[in-house]
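Throughout, protein chains are lettered first and strands after them, A, B, ... in sequence-line order, and every chain is numbered starting at 1.
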Amino acid sequence: MDQALWPSGLRVLVIDNNSSYLSVMEELLIKCSYKVTTYKNVREAMSFIYGNQQTVDLIICDVFFPTEDSLLILQEVTSKFGIPTVIMSSNGDTATVMKYITNGASDFLIKPLRIEELKNIWQHVFRKQIGAEHRKCNNAEHVDQLPYRTMGITEATATLDSEIRENNGTVTDIRDLRKSRLSWTMQLHRQFIAAVNSLGSDKAVPNKILEIMKVKHLTREQVASHLQASPEKFESKIAQRWRSFIIEP
DNA sequence: GGTTTAATAT
DNA sequence: TATATTAAAC
């Protein structure tokens, strides 16, 4: 293969709680002549990204089952900074892969990763950029405006024109007189999840979530309702019970 | 008495 | 099914 064709120096951030596999990944990626940064948890990795903006081109992240909210933190950051994310897992059942891909992951790779696969991951960086340009030209609705549970990005949905947005895409107002009830869009849901995560899963109550989200015309009741329906909340509760079950039987 | 959550309604 | 509303529980 022609070494010159590879985008050497691509800055890759790897997140995996298994430190031995983290070093395996680092070794493989360095062989691809990428620049590698490694982190053992999502939280630290995200603060690195916030502190060093535009120094990461691609993120490779392990699925941290059962605390899947890490994926949602990733989503928030990647959508904010436009960094493509590749998910890796030893378990590659179709439902799981589908779930991550439809939630914005650029690729889903099965462990153990071969260097042949890593040599090609740079394509996601370009694909993402091209996709963004394409969306701009077509004046297509943004993925963030789709309902957060939609399975396919091709599904047609009316845009919420009166969702007032800032430049970074953050929803600041949900008022829409055409709609009788609120629709939780991808972006609104991300902000919700970000708020839940910034509190703990134990301290995440409707009032505090609402306070952090800073979305005009969003009510405590709406947040409460969403919190009940939130699969993330549900799953983290299961995880919590799991832990307490294991620790104190 | 406000807030949260379970249950129920739409 | 997703969101809203009710009402019990905290």
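- Distances were taken from every side-chain heavy atom of Asn207(A) (C-beta onward) to each of dT3(B), dT3(C), dT5(B); the shortest belongs to dT3(B).
- Ring pair His189(A)/His226(A) is perpendicular by interplanar angle, where above 60° counts as perpendicular and below 30° as parallel.
- Partner of Leu29(A) under the side-chain contact (heavy atoms from CB on, under 4.5 Å) criterion, out of Val24(A), Leu118(A), Leu113(A): Leu118(A) alone.
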Test Arg114(A) against Glu117(A) for salt bridge (Lys or Arg N to Asp or Glu O under 4.0 Å), laying out the working first.
-> CA-CA 5 Å; Arg114(A) 298 165 302 136; Glu117(A) 292 170 299; 3.7 Å; yes
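- Side chain to side chain, Gln222(A) and Thr219(A) meet the donor-acceptor criterion of an N or O pair below 3.5 Å.
- Distance check, rounded to the nearest 0.5 Å: OH of Tyr21(A) to CG of Asp16(A) gives 7.5 Å.
- Within a 6.0 Å radius of CD in Glu27(A), no more than 12 heavy atoms belonging to other residues, nucleotides or ligands are found.
- Computed from coordinates, the Phe192(A) CZ to dT3(C) C1' distance equals 13 Å when rounded to whole Å.
- For the pair Arg181(A) CZ and dA4(C) C1', the interatomic distance rounds to 7 Å; values are reported in whole Å.
- In this structure, His226(A) atom NE2 and dT1(C) atom P are separated by 16 Å, rounded to whole Å.
- Spacing between atom CD of Gln228(A) and atom C1' of dT5(C) amounts to 11 Å, rounded to whole angstrom units.
- Atom CG in Leu188(A) sits about 15 Å away from atom P in dA2(C), given to the nearest Å.
- Rounded to a whole Å, the CG atom of Leu227(A) is 7 Å from the P atom of dT5(B).
- Residues from residues 209-221 of chain A placing a heavy atom under 4.0 Å of any atom in DNA chain B, listed by number, are Arg220(A).
- Taking atom CD on Gln222(A) and atom P on dT6(C), their separation rounds to 14 Å, with Å as the unit.
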